[in-house]
Structures are given as structure tokens and as C-alpha cells.
2 protein chains.
Amino acid sequence: MAKEAAGRERPGRAPAPAGRRGRPRQAEVARLAGVSQATVSLVLSGRDIATGRPISAPTRAKVLDAARSLGYVPDPAASRLAAARNNLLGVFSFTATFPTDVRHSYYPFLVGVEQEAAAQGYDLVLFTGSSTGGAGAGGTGALNRVRLADGCLFLGRHAPSDELGRLVADGFPVVHVGRHDEPEGLAWVGADYVSASREVVTALAGLGHRRVLLVREDDDAPASADRERGFLDGLAASGLPGGPGAVFRSGDPRRDLTADRIRAWLADGVSAFVAEETDTGAAWRALRAAVDEAGLDCPGQVSLALLGSPPADLADGPVPMGFDIPRPALGAEAVRLLAARIGGGPAVGTFVACAFRPGTTAGPPATP
Amino acid sequence: MAKEAAGRERPGRAPAPAGRRGRPRQAEVARLAGVSQATVSLVLSGRDIATGRPISAPTRAKVLDAARSLGYVPDPAASRLAAARNNLLGVFSFTATFPTDVRHSYYPFLVGVEQEAAAQGYDLVLFTGSSTGGAGAGGTGALNRVRLADGCLFLGRHAPSDELGRLVADGFPVVHVGRHDEPEGLAWVGADYVSASREVVTALAGLGHRRVLLVREDDDAPASADRERGFLDGLAASGLPGGPGAVFRSGDPRRDLTADRIRAWLADGVSAFVAEETDTGAAWRALRAAVDEAGLDCPGQVSLALLGSPPADLADGPVPMGFDIPRPALGAEAVRLLAARIGGGPAVGTFVACAFRPGTTAGPPATP
DNA sequence: ACTGCGTGTTAATGCGCATTACCTAATGCG
DNA sequence: CGCATTAGGTAATGCGCATTAACACGCAGT
């Protein structure tokens, strides 16, 4: 290795602090200002007043001037090491590349994250799960780099519980977006599907409906279960008949939900249908198709509601009664929670309320 | 004069290394394996053989076992501080928030980046320009956090030269994607528009065209200038008439490029038109519209070419003669360059060749 | 036997910063 | 006036890791 010709110097491998190389350090600011490095740190971090160790105005000024004239910028790695914080928040997405795509479902969420992070004085650092790169030792690998930040948000349902559990066990501040009970002690934020679904049912009951049917897919995600629970809660609260008969479950709604079936239900007293929302929107799609096929007028002869937002390609159809997941708010809440955890707060789970959407697909039941 | 603090313990604020708290450190692995921390570092980094200081097989095994049983994972911040490297590559995108526009999404580029990074043993960390958050001291702020990584790629034409220059001046390894001459000493990779454009003209000349016209927008980006230069070079090389008459420049091609005008050019001996590619694709769009409007048969009566790829919404039209920017290759090359710079290589600029695309919009000139 | 040399391993050091214990005036106060 | 307090600042220390000088131990050569 040939680097500097000055004979020997610093034992470590060594960019010289001398001459004109590399960023200035606090030590150099200190020298220029005629104070100690510690004072520089105190002044620049503003921690002097915060901790009741005030630094006199003239000294402050000297330090700040020196820092500015040298163009001092802190080293985030060193900050993190020394103080266990560098005001960086990680955002980990398990999707292949990072969702820079606006159509991507995470996008609105990220908007909220970004705003709240800025409000709390944090910068963001993004990670993706794809990289299977280097990292010699651990092998655990991918998740490890989030430790660069003070804490990390995790998006995506495919979060591997074991790796996450590892971070949690190490006391690293983590918040998962979307309810997630798996690793004990994991903090999360989730939308309150139960209340929102109940509210939809209550609204239908308020319009006069006496029999309401839930159409759901054959999917056992917690989000689906929550919706069903809210639905049944709503029926009970409105004094409507619940039980298994109030739920129609199908692995292939498009096939099972025929126009005939719809007519039969109507004849049987059902006047409103509620569809679960899923990735594919299959339940909602099938419901609408069947109603159309049966030649029924939507708010007039039958009322429809959707427990969530319609899929993008149906966005210009009539707005369904239902609720919207407040994704930006969810993101903001996640950041708030994470900030609290970094500050030593507890690892709690939090629900964020969804916004009820009246829509145009529900009205009073037809009077035959 | 103060040395012993017999009563107290660690002066720093202190998560205990004791009991069962937090990640294990190399020191604990060392203790368990009955070796020194230095040995652990050597073994885990594999640097023992690399530096010709081999560690004996039994010792290696002990260390590796201990590390595995404790679940040791390295602290990326500490690695970076101590060694000036942590095998992380930054990718900085200057787009506002998380980019809003899908069309010139960086996606294909990122694919190449990701692959090559993995191949080189690096993990990725992503940044965006938006965050205007905390960062006490500097004020320079946003760009600073890239220092967490060993080096950083920069995407986007809006790269502020001064901030970038700062990083470059500090000796931080940086590679900009897209030619960028501004800060002296900035490394970059860019597509070779000059050669690619020349090749297109040569191809047209080879088909027998004697007068070719370039349609460009009123935009002075270096990418546009390069295309024009390549175009003119190509004319010269083919012995065709160049000069200002060979270039039609318009701030609003859709308005200025009328069917009549096209006919006039044809009457004047022009038999092929070449459009510049831009974000909007306005030149190409206008050219096609005018030719259609004039009722001209495209490969038959007039030949067209595009110096780039057609906009997404015109993707299913006829494939224009032109060239494709090898975005994944560009990304890969950028990573290679960055890795080289981290390894101490020079800050060079590199061109990546574009792929000629014959397409179906060009043929021999009409024989009147 | 002493030197030379190769091989393993450890002690010591520092990366850049935050933090704490301590030190020295300059007060306050009964 | 004697002591406690406050204001203002500094020296020392360590975060977790990588790096290297130095040491310890054979084993050959002369």
C-alpha cells in the first residue's frame, strides 16, 4: 500500500487531517474558534440549553462562524455511533425495487411519512428487501443495514417475522405498518377496519335496510377477519339478523355470484349487499357484475357498499358507499409512533380511523 | 488530573453490555470463543487471508461458531466509522417526493443498479431530495446523509452542482448518471447520444436518402445538443448537406409542424425526418401527426426516425427507427464505476453505447 | 546458540462525535 | 467573611469496529 510519503503517521489507515483533504471535523472547528471540541459539539447540537449547560452568546457565535466558514457538516455514522442517533428514519419496503411509482399502493402512505418525518425533524433513508448482496458475517444480512438509522418503518405484508423479531429483541425501534401480531413486542399501526365496517352497516340500517349480506372472498387475512367482525358487530348493534347466514363466502365470487342468486336473495328480503375489499377487488367486481346482469337499478332496487376503496380501474364508476383508508394519516401516525419509540416509548399497536364515504350506491330499500 | 472513577461505571450514557440487552458485540463473541476481539474482526471480515495474516482453521471455527450462536451482526455505523466502509451504496434521486411520474421512472435503470450492486457485494440505500428535515448544524443538510454509505449514485438532471461539488471536494465517491460537467472532478456515466445519432443518420444515408432533416425542440439540455451534434456528424460523414438548414427547431412543434410544411420539404428533396427524443416526446408526436395529416405513407413516401425511444403511450404504434438507451446497462456501469472509485480509482466520465433499432419507419426514399 | 523467518494472535489505537465529570471563576447570601 | 451556588467551559472517555505494531512461538540455516 502506498499512500502518503510522510514516513509513518497515524496507525489507522489514514486520510490526513492535515492540509486540505476531506471534510472538516469538529476538532478543526474548535481550533479555529479557539474552544474545545466538546464546546463545538454542544453548540452545534443545540444541546447546551436543552441540558441546562448554556454556552455564552459570544462563544456560540465564534463556534457558529467557524463552522460556517469551514463548511462543517456532521458525519452521520459517527453521530449514530456516539449518540445512538443521527436523526435518520429508515423506511423498509419488502417489494423488489422501491415504490417510486405513484400508482403503487404505498405511495399515499409515503407522502404522509415524509411530511410527518420532516415535521419531527427526521430525514428519511429507504431500503428494499431485494438486495441480497454482500455483508460478510451475519448472513442475516438484508435487514441489518436499517441499523444505520435511529429506527425503521416496515411496509408490506411479507415481513419475515423472525428477522423483524431479531431487531425487536435487540431493542431497535421498529414500527410495522399494518396490524402484525407475530413478533411479540412489535409496534404497529393499522386501519380500524372493525369500526369502519360497523359504521357502514349502521348507515345501511339507518336507511331502513333490514337484511344485509356480506360478500367476502376465501381469504383469511386479518384485515378480512376484522371487516367481517365489524360487519357482524354492526348488524348486532342495529338489531339486524346476523349469524352465518349474513355472510356469503366464496373462493371465486365471479362464478358463484350469479344474477339468479342475487334475485333469490332479494326475494328473500335482502336489500343491501356489502363487499369486502381485497387486493384484487374480486368480491366487489363480482357483486357489481351480478347486479348489472340482473338488470337491477343500483341505488333504487338494491343498495351496495364496499368495505374499502374501489380498485383503480373502477374508479370512474359510481362511488360506492364505504370507507377510505387514510393512508397519509396512517403514515404520519407510524412516524409519530416510531419517534416515540426512539424516545423510549412503549411498543404499542395503534388503530387509525377510516373515513366514512356515503357514496351513491346506497339508498332506502325498495318498497315492493 | 481526573482519572479514576472507582465508584461509577461507564461515563458515556450506557445501555449495559451486561445481562441480556441489545445486540452482541464482537467483544462478546471474542469472549465466548476465547480469543481477542481483533481476531474476531479478522475472521468475520475474511480479511485475514486477504492481508496475508491467516488465522488457523480451528480458531476460525471457534469464532464462527460463537458468532453464529450469539447471532452476531455487525453494526454498519461502526464499520463505516472505523473502516470508512460498510458495503453500502447510496442511490440519490433528486425527484421531489417519491417520484410522481411513472413515465420516465428510473425503474429500468434501478434494475441494472441492483443487479450489479449485488454482484459486487454491495447493498443499497436510497435517498430522495425532498426531505428538508432536521439536521442541526450544517444546513447543507439533505445531501449529507449519503455519507452513511461508502459512495453514492445520483440520478436526475436537477442535481445541484454546489452540493455535489462539496461531496466531490471532500473526496466522497460519487457518480452521476447522465453527463454532467459542472462540478470539476465529478464522475459520470452517460449514454453516447452522439454516436447513436450518427449511426441513425448513417443508416438513413445507407438507404439512399440525400436530404435528412432534424426536428428538435427548443431545449438546450446537453442531451439535445449531443443528439444534434451526432446528427450533423452523421450528415458530414455521409457526405450529405448539413448546416442550419438541416435542423428545424421549434418551441411548439405541434403548431409549427404542419402537413403543408412537410409537403414543402418533400418537394424540396427532403426524404427523411429525424426527431429528437425528449421527456414529452413532443417532436416525435408532432412529426407523426403531420405526416399522417399529409396522408403520407410512412416507410413508402417518407422515412422517419427517432433519436431515442418512443413515449410510453405511442409504444404500440409502428416501431420507429432509432436507438434504445440501455438503461439497465447504464445502471450497472454506474455501479461499476462507483465501486472503482471507492477502491480509489479516478473520477472519469464514461459513455455507454446505445443500441441501434432498425424499426419499421424507414426505407429507401421514394422515387418520383 | 544466535539470528532470521514465517505463522498466529493480541494489545493498542483511532475513526468523529456526544456525553459526563470535573474545574475555575464569578457571583449570591446569611 | 466563609461557603454554596451558578455560569461557562474543558478533559477524558467510550460507542463498535478495523487496523497494525508488537509479541510469542516454533523451525531452519549457518
Side-chain angles (χ1 to χ4, degrees), chain A residues 1 8-15 17 22-30 33-60 62-63 72-86 136-137 147, chain B residues 1-15 17 22-30 33-60 62-63 72-86 136-137 147:
Chain A
M1 20 182 83
R8 62 218 8 265
E9 250 213 318
R10 342 229 255 98
R13 52 100 208 83
R23 301 186 352 276
R25 318 282 131 113
Q26 283 189 350
E28 302 169 39
V29 175
V35 299
S36 74
Q37 175 265 322
T39 301
V40 173
S41 176
L42 283 175
V43 169
L44 292 185
S45 70
R47 190 123 25 236
D48 55 333
I49 50 181
T51 58
R53 321 300 311 280
I55 298 291
S56 70
T59 304
R60 290 186 74 81
K62 276 191 303 183
V63 170
Y72 171 80
V73 290
D75 178 333
S79 303
R80 172 96 183 113
L81 185 57
R85 46 182 337 209
N86 56 9
R147 296 181 197 271
Chain B
M1 311 292 161
K3 208 96 187 244
E4 329 238 4
R8 291 354 181 97
E9 253 215 312
R10 339 233 253 98
R13 54 97 205 84
R23 297 183 2 270
R25 319 284 131 112
Q26 283 189 350
E28 302 169 38
V29 174
V35 299
S36 75
Q37 175 264 323
T39 301
V40 173
S41 175
L42 284 175
V43 169
L44 293 185
S45 68
R47 188 122 26 235
D48 55 332
I49 50 178
T51 57
R53 309 234 63 108
I55 298 290
S56 70
T59 304
R60 288 186 76 83
K62 277 192 301 183
V63 170
Y72 170 80
V73 290
D75 178 335
S79 302
R80 172 96 183 115
L81 185 57
R85 46 184 338 208
N86 56 9
R147 296 180 195 271

For this session: Could you please name the option among D:dC15, C:dC15, C:dC17 that lies closest to any side-chain atom of A:Y72?
Result: C:dC17
For this session: Would you kindly give the CG-to-P distance between A:L44 and C:dC17, to the nearest whole Å?
Result: 9 Å
Exercise. For B:S41, which residues count as a side chain to side chain donor-acceptor pair (under 3.5 Å) partner, sequence neighbours excluded?
Worked result: none
Problem set entry | Contact check, side chains of A:R147 and B:R23, non-hydrogen atoms, under 4.5 Å | yes
Exercise. With a non-hydrogen cut-off below 4.0 angstrom, is A:R47 in contact with a base, only sugar-phosphate, or nothing?
Worked result: sugar-phosphate
Exercise. Taking the side chain as C-beta and beyond, is there a heavy-atom pair between A:L44 and A:Y72 under 4.5 Å?
Worked result: yes
For this session: Identify the heavy atoms of B:L81 and A:A78 that sit nearest to each other, and give their distance.
Result: CD1-CB, 3.9 Å
For this session: Could you tell me the separation between the CG atom of B:D75 and the CZ atom of A:R80, rounded to the nearest 0.5 Å?
Result: 7.0 Å
Exercise. Between B:L81 (CG) and C:dC15 (C1'), how many Å, whole number?
Worked result: 4 Å
Problem set entry | side chain to side chain donor-acceptor pair (under 3.5 Å) partners of B:R60, counting only residues at least two apart | B:D48
For this session: Figure out the CD/C1' separation between B:E28 and D:dC17, and round it to whole Å.
Result: 13 Å
For this session: Starting from C1' on D:dT10, measure out to CD on A:Q26 and report it in whole angstrom.
Result: 14 Å
Pairwise N/O distances under 3.5 Å, protein to nucleotides 9-12 of chain C:
from   : atom 1 : to    : atom 2 : distance (Å)
C:dT9  : OP1    : B:S56 : OG     : 3.2
C:dT9  : OP1    : B:T59 : OG1    : 2.6
C:dT9  : OP2    : B:S56 : N      : 3.0
C:dT9  : OP2    : B:S56 : OG     : 3.2
C:dT9  : OP2    : B:T59 : OG1    : 3.2
C:dT10 : OP1    : B:S36 : N      : 3.2
C:dT10 : OP2    : B:S36 : N      : 3.0
C:dT10 : OP2    : B:S36 : OG     : 3.0
C:dT10 : OP2    : B:T39 : OG1    : 2.3

Exercise. Taking CZ from B:R80 and C1' from C:dC17, how many angstroms apart are they, rounded to a whole number?
Worked result: 15 Å
For this session: Report yes if a side-chain nitrogen or oxygen of B:R85 is closer than 4.0 Å to either non-bridging phosphate oxygen (OP1 or OP2) of D:dT19; otherwise report no.
Result: no
Seminar exercise, completed: Across every strand shown, the nucleotide meeting Watson-Crick or G-U wobble geometry with C:dG30 (both distances under 3.5 Å) is D:dC1
